[in-house]
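To keep things clear, I will list the structure first and then write my remarks on it.
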Amino acid sequence: MGHLTLEGIGKDYDGNEISRDIDLTIADGEFVVFVGPSGCGKSTLLRMVAGLEDITRGQMSLDGERINEIPPQERDIGMVFQSYALYPHMTVAENMAFGLKLARTDKAEIRRRVEHAADILQLTPLLERKPKDLSGGQRQRVAIGRTLVKEPAVFLFDEPLSNLDASLRVEMRVQIAELHKRLGATMIYVTHDQVEAMTLADRIVLLSGGRIAQVGAPLSLYHFPQSLEVAEFIGSPRINTLPVTVVDPGPRRTGVRLPSGEPLAVAVLARGLAAGDTATLGVRAEDFVAPDRAEARLTARLMVAEKLGYETLAHLQVEGVEGTLTRRLDGLAHLEEHQAVVLGLAGDHCHLFGPDGRACPRQVEIPGIAH
Ligand SMILES: Nc1ncnc2c1ncn2[C@@H]1O[C@H](COP(=O)(O)OP(=O)(O)OP(=O)(O)O)[C@@H](O)[C@H]1O
Ligand SMILES: [Mg+2]
């Protein structure tokens, strides 16, 4: 079993609060990803779960038992690190067996577990090799194997793929997803790569400044971000933002005035907003609509078109908006430099954020995606 509960967890280093007010329950078998910008406290939180850092405040329990004071080796938890130092003079099999030997596990049992882990990780033909004769991806699999042989209830991964090149990352990502399916163990995975977070997670925990900014299914965070910060972190290209003036706050639709002067009724509850307030409109790159469906328009000029084959990202300049907006177009769009482009907006496809950065709750339903 691997049911983890974090209640009011906090961590101070030299009097500075690094993690604060972390309340989180992770179900047995769940795949949870901690994501957030560098320095937001992802590794610190993971290391507290592992027992490698003292917990300053709060209580942590595994399957209902407090583990705050339990040393790492006695927790039913295994960790895979970003920099995985394998022992160079040992074979793959010896590297994987090492921890179990130290724990004086029975020899036959060690063999069984190493063979089983090698089978799962496709390392069986490599068991007698030394680390220097392996590729980066194979070494990373050995590092995972070292943890796998411990058969822990909870696996912790701290950016395990960040030392690998792009194509290997994709391959390992799929393998980790398969590993999770096969083992059904609880996994907590730290990354600052939002694609990894979106593709691996049952639930994402987005951390910011040591706190939880939002917890939810990947697509819930994408479609129903609770703050501008979450909206900007999740999704690539980054969500477009433009300043608007609130003219008609309402419970299901909130009227705003665009930089062009045109009105738009955004499908949100105007929580805390009053007429005359400045707010931020958010539009994802794929959420601009065709002119015939548009409820409001922005006139833009094409600055750069990035043609990626399967899609084109048009970077556009709009009067009254700082920087550029990005529109995603299918396939090879025919665009000429500096050409004028009309961006269509529809109230159902926009987000609205107040001056404090909090999202106004969207009043739209997306099948299968919880608010
Ligand atoms: N041993 C330490 N003593 C003092 N401060 C620390 C210590 N370890 C981490 N910190 C600080 O705690 C904060 C969070 O660090 P942490 O390593 O958890 O961030 P992170 O989210 O994992 O970042 P990254 O994505 O860069 O790995 C940072 O400001 C860091 O400087
Ligand atoms: Mg880290």
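One-based numbering, in listed order, for ligands and for the atoms of each.
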Fill in the blank from the handout: For atom 25 (O) of ligand 1, the closest protein heavy atom turns out to be Lys42 NZ, 2.8 Å

Fill in the blank from the handout: Between Arg146 and Val149, the two heavy atoms sitting closest are O-CG2, 3.2 Å

Exercise for the section: Using a 4.0 Å heavy-atom threshold (strictly under), name the region of His192 that reaches ligand 1: side chain, backbone, both or neither. Expected result: side chain

Problem - Contact partition for Ile18 relative to ligand 1, non-hydrogen atoms under 4.0 Å - result: side chain

Problem - 4.0 Å protein heavy-atom contact status of atom 2 (C) of ligand 1, strictly under - result: yes

Handout entry: atom 18 (O) of ligand 1 touched by protein heavy atom at under 4.0 Å
Key = yes

Practice task
For the pair Asp106 and Arg111, find out whether any cationic side-chain nitrogen is under 4.0 Å from an anionic carboxylate oxygen.
Solution key: no

Problem - Side-chain touch Leu264/Leu281, heavy atoms, less than 4.5 angstrom - result: yes

Practice task
Looking only at distances, please establish whether an N/O atom of ligand 1 is found under 3.5 Å from an N/O atom of Asp14.
Solution key: no

Completion exercise
atom 14 (C) of ligand 1 has as its nearest protein heavy atom Gly39 O, 3.5 Å

Handout entry: Pair Glu178 + Lys181: basic N to acidic O under 4.0 Å
Key = no

Handout entry: Salt bridge present between Glu30 and Arg203 (N-O < 4.0 angstrom)
Key = yes

Exercise for the section: Test Asp356 against Arg271 for salt bridge (Lys or Arg N to Asp or Glu O under 4.0 Å), laying out the working first. Expected result: CA-CA 11 Å; Asp356 58 358; Arg271 184 171 54 194; over 6 Å; no

Exercise for the section: Give the atoms of ligand 1, by number and element, whose distance to some non-hydrogen atom of Thr44 is under 4.0 Å. Expected result: 14 (C), 15 (O), 16 (P), 18 (O)

Problem - Top protein contact for atom 22 (O) of ligand 1, by heavy-atom distance - result: Ser43 OG, 2.8 Å

Handout entry: Metal check, the Mg ion (ligand 2) vs Thr44 N/O/S, cut-off below 2.8 Å
Key = no

Practice task
Answer yes or no for Glu159: is there a heavy-atom contact with ligand 1 below 4.0 Å?
Solution key: yes

Fill in the blank from the handout: min-distance protein heavy atom vs atom 10 (N) of ligand 1 -> Tyr13 CE1, 3.4 Å

Handout entry: SB check Arg57 Glu17 (cutoff 4.0 Å)
Key = yes

Practice task
Write out the residue and atom name of the closest protein heavy atom to atom 26 (O) of ligand 1, then the distance separating them to 0.1 Å.
Solution key: Ser38 OG, 2.5 Å

Exercise for the section: For a side chain to side chain donor-acceptor pair (under 3.5 Å) with Thr326, tell me which candidate from His315, Arg284, Arg238 qualifies. Expected result: His315

Problem - Ion pair Lys101/Glu94, N-O distance below 4.0 Å - result: no

